[in-house]
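Just the heavy atoms: all of them, side chains too, but no hydrogens, waters or symmetry mates, feed the values below.
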Amino acid sequence: MKIQCNECKSVFKSSRIKIRKKKITDKIIQYYYTCPKCKYKYVISYEDDEIRENIKRIKELDREAINITDNNDIVNIMKKRNNLKNRNIEKSNQYMIIFKED
């Protein structure tokens, strides 16, 4: 997949992106990458204790779903999984606003 930098308009392959982590506070980590040409920083997401726990629970639900044959049970697991995923997105977006870089 190709990506175009919003700053320098350089086009590069997504395989050239290196995801980096930055500790924002004791409990919050920022994930980002930089444009290989101009080094413009693109923040991808944030992670805290709740988000990490939700990720673990999502993985557990995925493993649990493999062995389920009842459609109602699968639907319930998918609802739980989607709720956790949406909560993670919501929290990460809140951090995007709080830690916005100009």
Side-chain angles (χ1 to χ4, degrees):
M1 183 167 95
K2 293 192 176 189
I3 299 171
Q4 183 173 23
C5 177
N6 294 337
E7 292 297 306
C8 71
K9 306 302 181 210
S10 175
V11 176
F12 52 92
K13 292 181 181 179
S14 60
S15 60
R16 290 189 59 204
I17 292 174
K18 183 176 180 185
I19 307 296
R20 300 183 184 276
K21 295 195 297 189
K22 179 181 177 184
K23 192 174 184 179
I24 302 297
T25 69
D26 285 340
K27 296 188 180 229
I28 300 172
I29 297 172
Q30 178 189 74
Y31 291 89
Y32 68 95
Y33 69 92
T34 57
C35 170
K37 185 172 181 181
C38 73
K39 307 303 181 207
Y40 183 81
K41 182 177 178 179
Y42 290 91
V43 177
I44 301 167
S45 66
Y46 289 86
E47 187 177 276
D48 64 9
D49 290 340
E50 180 186 350
I51 293 172
R52 280 186 282 281
E53 278 302 312
N54 289 347
I55 291 169
K56 285 180 190 174
R57 183 66 183 126
I58 288 168
K59 289 178 183 179
E60 290 169 5
L61 289 169
D62 288 346
R63 285 190 295 274
E64 192 178 319
I66 291 171
N67 300 317
I68 294 178
T69 55
D70 183 272
N71 283 342
N72 289 330
D73 291 342
I74 292 172
V75 168
N76 287 333
I77 285 177
M78 293 309 295
K79 283 180 184 177
K80 289 177 188 176
R81 188 186 190 287
N82 286 336
N83 287 339
L84 292 168
K85 179 183 169 192
N86 289 336
R87 175 65 180 151
N88 284 358
I89 291 169
E90 178 186 319
K91 284 206 74 179
S92 182
N93 286 340
Q94 288 171 352
Y95 290 134
M96 290 276 196
I97 294 166
I98 293 169
F99 299 113
K100 183 172 173 42
E101 298 175 2
D102 295 319

Solution key, residues 88-98 side-chain donor-acceptor pairs under 3.5 Å, sequence neighbours excluded:
residue: Asn88; atom: OD1; partner: Asn54; partner atom: ND2; Å: 2.8
residue: Glu90; atom: OE2; partner: Arg87; partner atom: NH1; Å: 3.0
residue: Lys91; atom: NZ; partner: Asp48; partner atom: OD2; Å: 2.5
residue: Lys91; atom: NZ; partner: Glu50; partner atom: OE1; Å: 3.2
residue: Ser92; atom: OG; partner: Tyr46; partner atom: N; Å: 2.9
residue: Asn93; atom: ND2; partner: Ile89; partner atom: O; Å: 3.3
residue: Tyr95; atom: OH; partner: Asp48; partner atom: OD2; Å: 2.6

Return the set of residues passing ring pair (Phe, Tyr, Trp, His ring centres under 6.0 Å) with Tyr31 (not counting sequence neighbours), or none when no residue passes. none
Roughly how far, to the nearest 0.5 Å, is the OH atom of Tyr40 from the OG1 atom of Thr34? 12.0 Å
Hey, mind stepping through Ile28 and Phe99 against side-chain contact (heavy atoms from CB on, under 4.5 Å) and telling me if it holds? CA-CA 11 Å; Ile28 300 172; Phe99 299 113; 4.0 Å; yes
Could you identify which residues cluster with Leu84, counting Ile, Leu, Val, Met, Phe, Trp and Tyr as linked when any side-chain heavy atoms lie under 4.5 Å apart, either directly or through a chain of such contacts? Ile58, Leu61, Ile68, Ile74, Ile77, Met78
So salt bridge (Lys or Arg N to Asp or Glu O under 4.0 Å) across residues 53-81, not counting sequence neighbours, yields Glu53-Lys56, Arg57-Glu60, Asp62-Arg81
Counting only pairs under 3.5 Å, give me each side-chain donor-acceptor contact of residues 2-18, with atom names and distances, residues two or more places apart or in other chains.
residue: Gln4; atom: NE2; partner: Lys9; partner atom: O; Å: 3.1
residue: Lys9; atom: NZ; partner: Asn6; partner atom: O; Å: 2.9
residue: Ser14; atom: OG; partner: Met1; partner atom: O; Å: 3.4

Quick one: list whatever passes ring pair (Phe, Tyr, Trp, His ring centres under 6.0 Å) with Tyr32, sequence neighbours left out. none
For residues Ile44 and Ile24: do they belong to one hydrophobic cluster (side chain heavy atoms under 4.5 Å, members Ile, Leu, Val, Met, Phe, Trp, Tyr)? no
